[in-house]
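What follows is one structure encoded as structure tokens, with my remarks underneath.
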4 protein chains.
Amino acid sequence: MSSKNLIESALMQMNLKEKRTDKQQRIVEAAIKIFAEKGYTATSTNEIAKAAEVAEGTIFRHFGTKENLLLSVIVPFLMEAAPIVADEFIKGVVSKPYDSFESFLTAIIKNRFAFLEEHIDIFKILVAELLNREDLRQYLMKMFEQKALPVFGAVLDTYKQRGELLDLPNATLLRMLGTCIFGYCISRFAFFPNSKWDDEAEVENLVRLILQGIGASK
Amino acid sequence: MSSKNLIESALMQMNLKEKRTDKQQRIVEAAIKIFAEKGYTATSTNEIAKAAEVAEGTIFRHFGTKENLLLSVIVPFLMEAAPIVADEFIKGVVSKPYDSFESFLTAIIKNRFAFLEEHIDIFKILVAELLNREDLRQYLMKMFEQKALPVFGAVLDTYKQRGELLDLPNATLLRMLGTCIFGYCISRFAFFPNSKWDDEAEVENLVRLILQGIGASK
Amino acid sequence: MSSKNLIESALMQMNLKEKRTDKQQRIVEAAIKIFAEKGYTATSTNEIAKAAEVAEGTIFRHFGTKENLLLSVIVPFLMEAAPIVADEFIKGVVSKPYDSFESFLTAIIKNRFAFLEEHIDIFKILVAELLNREDLRQYLMKMFEQKALPVFGAVLDTYKQRGELLDLPNATLLRMLGTCIFGYCISRFAFFPNSKWDDEAEVENLVRLILQGIGASK
Amino acid sequence: MSSKNLIESALMQMNLKEKRTDKQQRIVEAAIKIFAEKGYTATSTNEIAKAAEVAEGTIFRHFGTKENLLLSVIVPFLMEAAPIVADEFIKGVVSKPYDSFESFLTAIIKNRFAFLEEHIDIFKILVAELLNREDLRQYLMKMFEQKALPVFGAVLDTYKQRGELLDLPNATLLRMLGTCIFGYCISRFAFFPNSKWDDEAEVENLVRLILQGIGASK
DNA sequence: TATGAATGAGAATTCATTCAT
DNA sequence: CATGAATGAATTCTCATTCAT
């Protein structure tokens, strides 16, 4: 039922993504749209085939199973969403340090919001699948520990040394940052994507919440 | 396709909840367990029947449709989770005011965490359904505006007057509080319910984040 | 599937019909109404129970099976519809002969029309069941041969001797009479019961058709 | 519940009938056979699938629903049975007039008997469905009024002028003709298809009944 | 490579019937 | 007598997947 090995599958997808034919692309796009709308299980391959204007058999010729089609949607997103962040940071954010944690935070939040806005449907699919797939959860936690923690840890240390951050363990800081930002993203992008949000103000508020909280200075 | 009127259905469920027979109860409990584990759509009524040790027909005699069984799980939870909170507050928290916003916040977060911990499976089901059901989203937003906003607004006003809170619009404050706490709950209860969490410390950290943020001396 | 022995069952029903309790009567009436409307197979016992305002179990307490309920509707009708006719004829029509075949025919057609009008729903049910139940067909044919043929045969002979009827074999005459009248009844009572019919004129036309046909002067 | 629009559906069927694949044809044939034998509601798709030697899913792939399979049986029959009759008459019977109403009547009765004999099962199905489906009844009545009445009306007028027919309103004449012939068909083809009938003699008798009745000349 | 007809296992739901109360 | 909860077999229909063309 669950994918044999998510990561192996991931690596295979990596190579394939670029090389998608027109029909493959149409299938993936149709799948993303309908999976996001109705949920993976509630979506039939027949529906996807119609939306993609291909024969049902074509889906299976290219993706083998319905679950594999799902992974072909999720995995490239994960690949792009997370590790690349790390790489960017090493080359970009971290090495070319921002003058304050605030501007750093603002930059990264804006960056990730833009990314999610672009891939809002896949994000919804991912959130839904996380609820039911232990393998995905494990995978995400591992990525967090192996990729995010070290890279962001270094960043946090820098700002802690500058006295801009509370002197809490990085794991704690990151978990708080993570749940707060992730929670915001879920509310905004997954649950209420149709509400109108004032982008500028929202980011500003979120950054202030994270940095100063909502308590008044005493 | 979707339930005709979620709220009407809700009120009817209210009365019925107490009067559940033994078998009905077993069905509901089995449904909660499996829905949470695999998702509503991926769960078959046959599976539920086996887990509840009843005949499949019995499910339909009592709940009519599979969807109605889902509502019989979700709706009483919503009824219990939200409006009662408001009532409790009017009679409890608000009228018997805490000596500080911090202790108020700590109290309510602990209270809601305990509630969610008790109903962790239903919470997962609710989160999953929120992703696909517009009616549920609408219902929750309406409850937020009609119930939470006025009651909590009054509370916030009190503390603002005492100078314990930033002077931001209540809607803004509540949205920030809400997404932050809700996000935390989703991470903790829905996505990673199996991780070990140090309750005391977590609540403390969350309250500090909300009140002071993670930024150091201003 | 089919009733063990329609005739045995029939005789048992005979006795029971008079002795029906209130609930039994309500069940039979509800069954007649719904069977006629939707057909026997498409009607559920649950439906009947609701319409009769009894518990579903009550139906089975009294009638054993759904099929037996059907027979409890059909059989008394057959008993009343056919043999009694014969008896009436022996005592009434035949022995107190009408002055012409025309008045005889008019009398009997009016009489049977009135009877059918009164039992229009059961007639519909009977017609529907005749299509699928060989036993019913056999039963009807046997009744025709054993009861109707001799009795009516005598009547026909009388009028043939008087020179009012073509000198054809009784079987032929009766089959023609039968299909013609029966066909008319089906059209009128089973297929188009809601159309408005001018009773007087219809009977008159039917009698004329049977006696003179629609051909003009010979 | 009932078909949205029988006539629309009808026209769509028209085109499709010719293009039936082998399996579709086998399904339709099996359906006709079993529907006629046991009735539509009492027939399961599983049964049809077995008789047609296809998988049950194949039925639904081609016909969508069981009811639609029923329509795929009935509608082409209606299309072929009725309007074409009218056309044939305009080009055949009416324009190439018979020398007497008797020969005309004999011709048409023979023609329709042959048609029914060929499609005896579908006729049974149609008769059974007429009992429960208002839409079918409406459709037939409309066809009678729009198609049969004008065309046959003209024919009757012709023979009335020649003095071969009673001077009754066409509607009356046709209703009498119709119920008489239809009644005969139902008896013969639907109720007692297995009895042995002497074709020649039967038609002759029926025509005589219609033209002269069974009364002796006075 | 692409198709779409065919499949059969499995889904939700219905239903006649039983039986303890 | 009457009830209605409980049953599980049967029913209609869906769906991922296969395969001949």
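Numbered from 1 within each chain, the chains take letters A, B, ... in sequence-line order.
A/Q24 has its CD atom 12 Å from the P atom of E/dT3, to the nearest Å. Atom CZ of A/F63 and atom C1' of F/dC15 are 19 Å apart (whole Å).
Here the nucleotide nearest the side chain of C/S44, chosen from F/dT11, F/dT7, E/dC15, is E/dC15.
Between A/Y40 and A/F35, the ring-plane angle classifies as perpendicular under the 30° and 60° cut-offs.
Residues C/I74 and C/L136 have side chains in contact (heavy-atom distance under 4.5 Å, counting atoms from C-beta outward). Contact check for D/D121 versus D/V73: no side-chain heavy atoms found under the 4.5 Å cut-off. Between C/E29 and C/Q25 there is a side-chain heavy-atom pair separated by less than 4.5 Å. Side-chain contact between C/L78 and C/L126: present, with at least one pair of heavy atoms (C-beta onward) separated by less than 4.5 Å.
Note that the NZ atom of D/K23 and the CZ atom of D/R61 stand 11.5 Å from one another [nearest 0.5 Å].
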Inset, instruction - For DNA chain F, just give me the dot-bracket, please: Watson-Crick or G-U, both distances below 3.5 Å, ( ) intra-strand, [ ] crossing earlier pairs, | paired with another strand, . unpaired. - result: .||||||||||||||||||||
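Between C/R61 and the phosphate of F/dC1, there is no side-chain N or O to OP1/OP2 separation shorter than 4.0 Å.
No option in C/E56, C/K50, C/K66 other than C/E56 meets the side-chain hydrogen bond (donor to acceptor under 3.5 Å, both in side chains) test with C/T45.
The stretch residues 45-58 of chain C touches DNA chain F through C/V54, C/A55, C/G57, C/T58, each having a heavy atom under 4.0 angstrom from the strand.
In this structure, C/E134 places its CD atom where more than 12 heavy-atom neighbours from other residues, nucleotides or ligands lie under 6.0 Å away.
Nearest-nucleotide positions on DNA chain E place A/T21 closer to the 5' end than the other of A/T21 and B/Y40. Along DNA chain F, the nucleotide closest to C/H62 and the one closest to D/T65 are compared, and the more 5′ of them pairs with C/H62. In terms of position along DNA chain F, the nucleotide closest to C/I59 lies nearer the 5' end than the nucleotide closest to the other residue of the pair A/T41 and C/I59.
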